[in-house]
There are 2 protein chains.
Amino acid sequence: MTVTSPQGFRAAGVTAGLKASGRPDLALVVNDGPLHVAAGVFTTNRVVAAPVVWSRQAVADGVAHAVVLNSGGANACTGPEGFADTHRTAEHVAQALDTSPGDVLVCSTGLIGERLPMGLLLPGVDAAVEALSPDGGDAAATAIMTTDTVAKTVHIAGDGWSVGGIAKGAGMLAPGLATMLVVLTTDAALTAAEADAALRAATRTTFDRVDSDGCMSTNDTVLLLASGASGVTPEPAAFLDALAQACAGLARALVADAEGASHDIAVTVVNATTEDAAVAVARAVTRSNLFKAAVFGNDPNWGRVLAAAGTVPVDVAPFDADLLDVSINGVQVCRAGGVGEDRSLVDLASAREVQVLVDLHAGDASATVWTNDLTHDYVHENSAYST
Amino acid sequence: MTVTSPQGFRAAGVTAGLKASGRPDLALVVNDGPLHVAAGVFTTNRVVAAPVVWSRQAVADGVAHAVVLNSGGANACTGPEGFADTHRTAEHVAQALDTSPGDVLVCSTGLIGERLPMGLLLPGVDAAVEALSPDGGDAAATAIMTTDTVAKTVHIAGDGWSVGGIAKGAGMLAPGLATMLVVLTTDAALTAAEADAALRAATRTTFDRVDSDGCMSTNDTVLLLASGASGVTPEPAAFLDALAQACAGLARALVADAEGASHDIAVTVVNATTEDAAVAVARAVTRSNLFKAAVFGNDPNWGRVLAAAGTVPVDVAPFDADLLDVSINGVQVCRAGGVGEDRSLVDLASAREVQVLVDLHAGDASATVWTNDLTHDYVHENSAYST
């Protein structure tokens, strides 16, 4: 139920010694074909790590044979030397697999602003090549963990083909300097254009709508590799559906494992003029430290929801503040911009998941953005450890 | 050294019983003239409290005789009934002072979504009128405190005239649901247009550039009352200078008293293409929970500064990420987008104030935005207590 579950893939996870903890820190995923189709989406941060610069370019032709991923160092803000390290890593993998460096994608995660110890990393690549196995997906998932508490894997079966995936991240695509890295695989037979379109569509409504702490990483990467080994060409809609399910499953797992969180919060905005307007209002709420701290305190503080919604410019999301309704876990605590049901009816203490529903009464579009509460442990993890 | 230090003002602070703690919670500031010039700036949140709706309209003619302020309740999201409460408060003050309700400004701070106990508030107004005194400024400053640990007052002397002020807030003009309320007074002789222009110019570079937690209040209000009692008409530039000094002093005091903070952080962006670009980059850094948590941990994590700067769209702030320099407390830890001086040279532990300097190498404009670190106590105060 992982990246090697679809046919045509091998993977490995080994300990190269990049992490002081001695835990596995280097993963390799290889597409044995017959197709070597690939697509990728990357952080939109203007400050990007060397592996993002490399992989964005390497995947542009829609072809890749392998992905090498390391934890224990982000290789971000490391200048031309850092880019040379990424290049050298790709070359090393390519040589071992008898392919071209331009067909090797690279992902890194860890502390910004430090060079990778190449003297450890390259022998680690050799060990990973040695360890490649059709059962290696879980080992790869484990080797990319940083502050993650569990390895994250997924597998969605189609009709004669399937989609598998691994992810690491305790932050998110929008946020998380604790970078999100995702590798998805499929044995469906896709063209590069189909893979690219499906990946963009699937990530737009899944990874792009989780926002743990509002901080966008320099390294976030989501890759899709298609081997065609099933020999089946699925209907585009069926493939997109499976891929979106896989992405949604991994995205939900990222939220559930967010650094120091005690609640997962789904903010759903309904009756917006457009989907973009719904996303903008939902994102404003998910980025309110005051609301997130209130949820940590099991306080259904709907005033903070309204105050956050009110910061969205009117041209982005037209609505009348006097019409807003807010429900928290099914209790309509705010009606028409004012006091609704008794807030003491809301139970936030007995479940990790919190459902916030904001009705804009402005149109018929809707969207959900996931986030976490703001906790003592979040502050602790992000103040006591460098990332 | 407060709101009654300029000539022509009386003030009072009393206990109306709005706060469970029994602390003072109702303040009154009266302008005895001969001029009754007034100006105001208010939160740009689309969800605004009843007193903001009222005061924005009441001050539009440039005239006010008094300001009544209460802590213990924000009167936000309270519907038409809440607005009627504000109206009734203004009428009650006007009657007692023999003026018109439209010349009484109202400010409230406290929990959103609850009606004010008018049966306590109106007798409190009577007590405040009774207690009005030319020495009452400090009592007024005390009565508007919520989570503030100290009363905040200021006085700047001009040439035969002066500017005084009081403020409450443990959050900020941009942020802080723990609303910021400020009343500034002067005995300079100003026209309404002069007062309005000076107040907008002074707040733009002071209160608008403190951003404790990125959360914009529904109640933030800054008012300026001019009595003309000195008989002196200052040069506009001299008055603006004094007013900006008063605002800067109060803004700095708000940052220093921010809820649960252990560091005050000045993010200065230099060599930007425009002042707006500099502000945008500085604000992105001041809103990074990851960077703010790192500062709490005394970790000079410049990678998080770059990652935050990189989230600003290129059309808002053009710069080349490979040219960025970052200094923290004078140590250039990032040079040309990569590793600079040894980060261990940065001492964050021995002082509350932290100076972050970001050089964009893109132009010649600059700006400073103040914020605080993200601490355990911030989470505690905002999860354990409703505001």
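By convention in this document, chain letters (A, B, ...) are assigned in the order of the sequence lines, proteins followed by strands, and residues within each chain are numbered from 1. Bear in mind that the values here come from a model prediction, so they are computed numbers and not experimental data.
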J.: Could you have a look at G113(A), A309(A), A74(A), A336(A) and say which one has the most heavy-atom pairs with chain B under 4.5 angstrom?
T.: G113(A)
J.: Among V47(B), V312(B), V379(B), who wins on heavy-atom pairs under 4.5 Å with chain A?
T.: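 Of the options given, most contacts go to V379(B).
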J.: Among P313(B), G340(B), A293(B), A308(B), who wins on heavy-atom pairs under 4.5 Å with chain A?
T.: A293(B)
J.: Quick check on Y378(A) against chain B: is it the side chain, the backbone, both or neither that has a heavy atom closer than 4.5 Å?
T.: side chain
J.: Minimum heavy-atom separation for C77(A) to L306(B), with atom names?
T.: SG-CD2, 3.3 Å
J.: Specify which of T375(B), T44(B), D322(B) makes the most heavy-atom pairs with chain A at under 4.5 Å.
T.: T375(B)
J.: Looking at R46(B) and A321(A), what are the two nearest heavy atoms and their distance?
T.: O-CB, 3.6 Å
J.: Answer with side chain, backbone, both or neither: which region of A294(A) has an atom nearer than 4.5 Å to a non-hydrogen atom of chain B?
T.: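 The answer is both parts of A294(A).
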J.: Which residue out of G297(B), G79(B), G310(B) racks up the most heavy-atom pairs below 4.5 Å with chain A?
T.: G310(B)
J.: Who among V314(B), T78(B), T311(B) has the most heavy-atom pairs with chain A under 4.5 Å?
T.: V314(B)
J.: Taking all heavy atoms of T218(B) and all of A307(A), pick out the closest pair and write down the distance.
T.: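 That would be CG2-CB, 3.8 Å.
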